[in-house]
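Below: the structure, in structure tokens.
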Amino acid sequence: MKISMIRDLLDAEIVCGEENLERDVFSACGSDMMSDVLAYVKDQAVLLTGLVNAQVVRTAEMMDMVCIVFVRSKSPTVEMVELAKENNIVLLKTKKRMYEACGKLYACGLVGNKTAV
Amino acid sequence: MSEVVKLHFDVDGEDFTSAGQASVQVKKILRQLGINPEIIRKVSIAMYEGEINMVIHAGGGYADILIYEDRIEIHLVDHGPGIANVEMAMREGWSTAPDNIRSLGFGAGMGLPNMKRYTDDMKIDSALGEGTRITMRINL
Ligand SMILES: Nc1ncnc2c1ncn2[C@@H]1O[C@H](COP(=O)(O)OP(=O)(O)O)[C@@H](O)[C@H]1O
Ligand SMILES: [Mg+2]
């Protein structure tokens, strides 16, 4: 699924990374606990979260994730946007809640990838 | 060629926001060295969890990364409170992290298990009141 489609499905606002909207995403993960995110390797994944702090972007960076979606209209800080830009991570923000946002993406074929190393 | 690349980082225990910066640096350097991306991801995640632990549980410390021809070693050393029961600490979901840390996205008790999962060998030496030394090895 392309990031632009995620944007459309979630009616999301682009915070940064407009130039990378045509990149492909193969799996997704929704969590506010970063260690749960770090527990599974995902290839070109998107992270959906309601958590807002710099560790969210660092976690995505460590996992080579390509996109973060902030649910419930949470706004990333300036510092987070800078970190994301440095690492070519697209930041999106949606009014939808976690459950609905994950459900929409899942229903449209973006499954979670639970392959542990 | 059997030259060893050695990296050293001090980990500041005061600032949760900047925690993880050493791991970010290591990731950059491993990329420059042309290491396989899968390996880089394992090293980054293991070190990142360890670095976060040093900040939230031990007041900071230091990290030494040694890159050999056949392996990468990560040494994390702190002079924090130590781990009372290492076997317990290794269990998934076991955590002494306070609620304020949990609200920051850590403290799910998955850090040490993650570190073990992503490395080929992991050793914890810890003494109460003295500190903790964690050694991890990832084969190349
Ligand atoms: N460097 C450390 N110094 C002291 N205690 C530690 C250290 N690292 C881990 N611990 C202890 O081990 C527990 C489990 O660690 P971990 O699996 O990373 O989970 P979490 O960090 O989410 O609590 C921690 O809650 C803490 O009690
Ligand atoms: Mg931890």
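Note on naming: letters A, B, ... go to the chains in the order of the sequence lines (proteins, then strands), and numbering restarts at 1 for each one.
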Quick check on the hydrophobic clustering: are [X] and [Y] connected, directly or via other members, by side-chain heavy-atom contacts under 4.5 Å?
X: V66(A); Y: L47(A); value: no
X: M33(A); Y: L48(A); value: no
X: M5(A); Y: I3(A); value: yes
X: I65(B); Y: V24(B); value: no
X: M65(A); Y: M1(A); value: no

Check your understanding: How about M110(B) and M34(A): do any of their side-chain heavy atoms sit closer than 4.5 Å?
Key ->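 No, side chains not in contact.
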Taking every non-hydrogen atom, the tightest pair across F106(B) and S35(A):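 Shortest heavy-atom separation between F106(B) and S35(A) comes out as CD2-OG, 3.7 Å.
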Query raised in the report: Which atoms of Y48(B) come close to chain A, meaning under 4.5 Å heavy atom to heavy atom: side chain ones, backbone ones, both, or neither?
Result: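 Only the side chain of Y48(B) comes within 4.5 Å of chain A.
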Can you tell me which portion of I52(B) sits under 4.5 Å from chain A's heavy atoms? Options are side chain, backbone, both or neither.
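Only the side chain of I52(B) comes within 4.5 Å of chain A.
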Is [X] in contact with chain B via its backbone, its side chain, both, or neither, using a 4.5 Å heavy-atom distance?
X: L38(A); value: both
X: T59(A); value: both
X: N53(A); value: side chain

Please indicate whether [X] has more than 12 foreign heavy atoms, meaning atoms of other residues, nucleotides or ligands, lying under 6.0 Å from its [atom1].
X: R71(B); atom1: CZ; answer: yes
X: K85(A); atom1: NZ; answer: no
X: K123(B); atom1: NZ; answer: no

Checklist line | For chain A, the option from A108(B), S103(B), G105(B), P37(B) that forms the most heavy-atom pairs under 4.5 Å | finding: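 Result: the option with the highest number of such pairs is G105(B).
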Looking at CD1 of I40(B) and CE of M62(A), how far apart are the two atoms once the value is rounded to the nearest 0.5 Å?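 Reported to 0.5 Å precision, the distance equals 11.0 Å.
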Would you give the length of the straight line joining atom CZ of R58(A) to atom NZ of K27(B), rounded to the nearest 0.5 angstrom?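 The NZ atom of K27(B) is 13.0 Å from CZ of R58(A), to the nearest 0.5 Å.
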Donor-acceptor contact below 3.5 Å, side chain Q55(A) vs main chain G20(B):
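No, because the side chain of Q55(A) does not come within donor-acceptor range (under 3.5 Å) of the backbone of G20(B).
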Between D64(A) (side chain only) and R41(B) (backbone N and O only), is there a donor and an acceptor less than 3.5 Å apart?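 Side chain of D64(A) to backbone of R41(B), a donor-acceptor pair under 3.5 Å: no, none is there.
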